[in-house]
Q: 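Pasting in a structure now, in structure tokens, and then I'll have a few things to ask.
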Amino acid sequence: MPSQAKPNRAAWLEGSSNVCAPQPGPTHPWRLILLGAPGVGKGTQADLLSQRLGACHLSTGDVLRNAGQSVSEPTPAMTAARDCMQRGALVPDHTVWEIVRERSACIRCRGGFILDGFPRTRLQAELLNQLIADEGISLDAVVNYEMPIAKIVERLSGRRICKACKAVYHVTRQPSKTDGVCDTCGENLFHREDDRPEAVTVRMETYERSTAPLIEFYRDFGLLLPVAAAGSPEEICARTMEALQNRKS
Ligand code: AP5
């Protein structure tokens, strides 16, 4: 499948009062959820899949980090959310749901969506099911990226992220061309606070307790598509595309 222009995500990252740059409508609006442990590569795959499928990459983590950086006087809810994120704990369901509900236009966008980091709890999954049903749309698949935790921790320790466009790099496996500078927009790269070892431990425990049960939840709906997350990002993306095409046909 040829690459498509990547949607610019303005309405998702900055809020519904922003308008995304118009995109040519894809032939099929893909509506996907990406599941998997923190650091397994969901964001990297969402970015690649977005280029292949033309669907927008919707990450709740990006929205929360963006809000934390851009608001000069954060609300109490945003201060609490930032504290949760730094510790590696989940942000309360009602805060996350406010963010998603405010952006429900992105869920019904005719370009489709690739949800990354949402839902993360049973309640969030049930609320999303209701929203999707209310909008009269349906999910194509829930891709679950699988990899042993020890390998994932190595990925997280070397991760660097662009402050502006959120592009993801790895210091050795996926380095930027100039050290510390984004290839795409030239902004500085940063090391996420929750990639410190103590926060990573909390994130993995939280994932096992709150998010891993969603694998069964979506299996019961017949939507689960397991994909091995070993190999290069391009290999994993090709594996995902093949699994999606097989499912579609
Ligand atoms: P979020 O931003 O969603 O983080 P996460 O789920 O912990 O996932 P990550 O972004 O850490 O990893 P990833 O799987 O996207 O991997 P990546 O592609 O970057 O959430 C952060 C926090 O926000 C949460 O802890 C929580 O506090 C809060 N939050 C967000 N959503 C929430 C919700 N719904 N409810 C409650 N709280 C919420 O890759 C990782 C690294 O590996 C990179 O360096 C990358 O370059 C490298 N890499 C990727 N693929 C490969 C490969 N194939 N080979 C080698 N290296 C690779």
Side-chain angles (χ1 to χ4, degrees), residues 12-13 33-50 57-68 77-78 80-101 103 114-128 143-147 149 151-162 166-176 182-183 189-196 199-212 214 227-240:
W12 180 258
L13 290 177
I33 293 173
L34 307 189
L35 283 184
V40 73
K42 301 180 296 297
T44 303
Q45 291 307 314
D47 192 53
L48 292 172
L49 290 169
S50 175
H57 170 194
L58 308 183
S59 154
T60 39
D62 282 348
V63 174
L64 287 161
R65 275 184 293 279
N66 219 31
M78 202 39 78
R82 199 153 58 191
D83 177 59
C84 290
M85 290 176 78
Q86 283 174 359
R87 282 186 291 115
L90 290 186
V91 172
D93 283 333
H94 59 85
T95 306
V96 176
W97 180 240
E98 267 308 300
I99 286 171
V100 174
R101 212 172 43 123
R103 290 163 173 76
I114 303 169
L115 275 169
D116 158 22
F118 180 88
R120 249 179 160 98
T121 64
R122 170 107 190 185
L123 177 60
Q124 292 179 15
E126 286 167 350
L127 289 166
L128 179 65
V143 179
N144 184 39
Y145 288 109
E146 299 176 335
M147 170 161 268
I149 296 290
K151 290 206 169 170
I152 297 179
V153 171
E154 192 274 325
R155 284 187 179 179
L156 286 178
S157 63
R159 172 165 56 185
R160 298 292 181 272
I161 299 194
C162 173
K166 322 295 176 205
V168 178
Y169 299 88
H170 189 279
V171 285
T172 54
R173 292 162 181 265
Q174 241 187 315
S176 55
C182 179
D183 293 346
L189 306 182
F190 73 103
H191 192 190
R192 268 171 50 175
E193 293 200 35
D194 60 351
D195 282 348
R196 289 171 296 113
V200 168
T201 305
V202 176
R203 285 163 69 197
M204 293 304 175
E205 287 166 2
T206 307
Y207 166 77
E208 288 297 342
R209 190 173 56 248
S210 303
T211 310
L214 296 186
V227 173
S232 70
E234 288 71 24
E235 283 166 349
I236 300 162
C237 183
R239 210 175 283 147
T240 310

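Counting convention: from 1, in listed order, for ligands and their atoms alike. Predicted model, so just to flag it, every value in this text is computed and none were measured.
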Q: Could you check whether any side-chain heavy atom of Leu90 comes within less than 4.5 Å of a side-chain heavy atom of Cys84, counting everything from C-beta outward?
A: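 Side chain of Leu90 against side chain of Cys84, heavy atoms only: no contact under 4.5 Å found.
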
Q: Please identify each residue that fulfils side-chain contact (heavy atoms from CB on, under 4.5 Å) with Val153, with sequence neighbours left out.
A: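 Val153 satisfies side-chain contact (heavy atoms from CB on, under 4.5 Å) with Ile149, Val200, Met204 once adjacent residues are dropped.
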
Q: Using every non-hydrogen atom in the two residues, find where Met147 and Arg155 come nearest and quote the distance to one decimal.
A: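 For Met147 versus Arg155, the nearest heavy atoms are CE-NH2, 3.5 Å.
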
Q: Quick one, list the residues around ligand 1 where some non-hydrogen atom comes in under 4.0 Å, by chain and residue number.
A: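 Close residues (ligand 1, cut-off 4.0 Å): Ala37, Pro38, Gly39, Val40, Gly41, Lys42, Gly43, Thr44, Thr60, Gly61, Leu64, Arg65, Met85, Ala89, Leu90, Val91, Val96, Gly117, Phe118, Arg120, Gln124, Arg155, Leu156, Arg159, Val168, Tyr169, His170, Arg173, Gln174, Arg192, Asp194, Arg203, Gly231, Ser232, Pro233, Ile236.
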
Q: Donor-acceptor check, side chain of Gln124 to backbone of Trp97, threshold 3.5 angstrom: yes or no?
A: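 A pair under 3.5 Å: no.
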
Q: Taking only residues two or more places apart in sequence, or in another chain, which ones meet Arg209 in a salt bridge (Lys or Arg N to Asp or Glu O under 4.0 Å)?
A: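 By the salt bridge (Lys or Arg N to Asp or Glu O under 4.0 Å) rule, Arg209 matches no residue at all.
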
Q: Who passes side-chain contact (heavy atoms from CB on, under 4.5 Å) against Ala212, sequence neighbours left out?
A: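 Scan of Ala212 (side-chain contact (heavy atoms from CB on, under 4.5 Å), adjacent residues dropped) gives Tyr207, Glu208.
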
